[in-house]
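Model, not experiment: these values are computed from the prediction.
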Amino acid sequence: MGWRGILGFEYGIVQAPLGPDISGPQLVAAVANAGALGLLRAPDWESPDYLRELIKKTRTLTDKPFGVGVVLAFPHHENLKVILDEKVAVLQTYWGHCTPELVAKVHSAGVKIVPQVGSVESAKQAIDAGVDGIIVQGRGAGGHVIGQDSLISLVPRVVDLVGNRDIPVIAAGGIVDARGYVAALALGAQGVCLGTRFLATEESYAHPIYKRKLIELDETEYTDVFGRARWPDAPHRVLQTPFFKEWKSLPTHESEANQSVIGHSTIHGVEKDIRRFAGTVPNTTTTGDLESMCMYAGEGVGLIKEILHASEVIKRLVEEAQLIIQQNFN
């Protein structure tokens, strides 16, 4: 076990399941090979055969364990069967109640389950259900944000709630470097989950223009402008692109449903039209008016100055965090 290892992994670092397909086999395998927990993102619709191939492809790139993230708000029962049948190391769940029945089902397959929560109440439900770990998401996170509390207040409360149980608390939301890692540890977390920092890597499946925007822009905003029809009542944090600044006050009755198509993308093997105000970020296959598309990012994006290999992100997180602790807290 390496420094701050969790859930049987060498390091206490988790790569978030970046949707809809940004954390693909290349990124997840690179993270796994570097000793951290990489998470594939399952399709937001039932696609068991495709998901099985996704898992198998990842296994051709790494012999290390990894996991799959599932959004419980979308159809997922057939996908879940595949995840358990393939016995990936970890099932990560989000945006839905992690029930004792689900936990028992996952455990019976020999898989660990780690929900992402945004409140103390949800954390308590997860603990009572018998989960193996909890990702605690603060309001500064990129993408869809399930809670309203800041990481600095929420993590210690969940840590206190866990007490002496063997359930690692993993902090998520705005963490992009070693300083954030050490701060999370000081709050009582045993690990960190990073999304935006792994989005800005060579191996992520994000479009090059999206990656470039992560370097060029440093401001984000919590909003509900994108994807209202497909995923209502699901606020999110996005980059303040020129398009977003122009339309951030979009009337509440408007949504992508009545907007024109501005691009196309292949997502998890399916051809998709992208309408204006859709909540779909551009992947490497996306064509069209990318500058007008949704671009999720967390509050820490201003600290990201370059596109790195995923292994280098992990190396710097570990080595620089160790150095900070040695220099300042010993």
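Looking only at distances, a side-chain donor or acceptor of S23 sits under 3.5 Å from a matching main-chain atom of L18. Side-chain atoms of E299 never come within 3.5 Å of backbone atoms of G174 as a donor-acceptor pair (strictly under, hydrogens ignored). A donor-acceptor pair is defined here as one N or O able to donate and one able to accept, closer than 3.5 Å; such a pair exists between the side chain of E46 and the backbone of N79. Although no hydrogens or angles enter the test, the distance criterion places a donor-acceptor pair under 3.5 Å between the side chain of T285 and the main chain of T266. Between the R228 side chain and the E254 main chain, a donor and an acceptor come within less than 3.5 Å of each other.
Identified under the ring-ring contact (aromatic ring centres under 6.0 Å, His included) test for residues 12-38, with sequence neighbours left out: none. Every pair passing salt bridge (charged side-chain N to carboxylate O under 4.0 Å, His left out) that includes a residue from residues 77-102 is listed here, sequence neighbours excluded: R52-D85, R52-E86, R59-E86, E78-K81. Counting only residues at least two apart or on different chains, the ring-ring contact (aromatic ring centres under 6.0 Å, His included) pairs with a member in residues 176-197 are W3-Y181. Here salt bridge (charged side-chain N to carboxylate O under 4.0 Å, His left out) pairs that include residues 109-121, with residues two or more places apart or in two chains, number zero. Identified under the ring-ring contact (aromatic ring centres under 6.0 Å, His included) test for residues 304-330, with sequence neighbours left out: none. Within the structure, side-chain hydrogen bond (donor to acceptor under 3.5 Å, both in side chains) contacts touching residues 165-178 (residues at least two apart or in different chains) are D177-R179. Residue pairs meeting the ring-ring contact (aromatic ring centres under 6.0 Å, His included) criterion with at least one member in residues 81-139, sequence neighbours excluded, are W95-W231. Note on residues 314-330: pairs passing salt bridge (charged side-chain N to carboxylate O under 4.0 Å, His left out), not counting sequence neighbours, are E306-R316, E312-R316, K315-E319.
Remark: E246 engages no residue in a side chain to side chain donor-acceptor pair (under 3.5 Å) (not counting sequence neighbours). Q327 pairs by the side chain to side chain donor-acceptor pair (under 3.5 Å) definition with nothing, not counting sequence neighbours. Remark: D218 engages no residue in a side chain to side chain donor-acceptor pair (under 3.5 Å) (not counting sequence neighbours).
No hydrogens or angles considered: a donor-acceptor pair under 3.5 Å links the side chains of R139 and Q148. Defined by atom type and a distance below 3.5 Å, a donor-acceptor pair is present between the side-chain atoms of N283 and S265. At a cut-off of 3.5 Å, with distance as the only test, a side-chain donor of D273 or H264 sits close to an acceptor on the other residue.
By the rule that hydrophobic residues join a cluster once side-chain heavy atoms approach within less than 4.5 Å of another member, V14 and Y205 end up as members of separate clusters.
L61 forms part of no hydrophobic cluster, judged by ILVMFWY side-chain heavy-atom separations under 4.5 Å.
Applying the 6.0 Å contact sphere to CD1 of I152 captures no more than 12 heavy atoms from other residues, nucleotides or ligands.
Rounding to the nearest 0.5 Å places CD of E203 at 8.5 Å from CD of Q26.
A cation-pi arrangement is absent between R237 and Y296 under the rule of less than 6.0 angstrom and at most 45 degrees off the ring axis.
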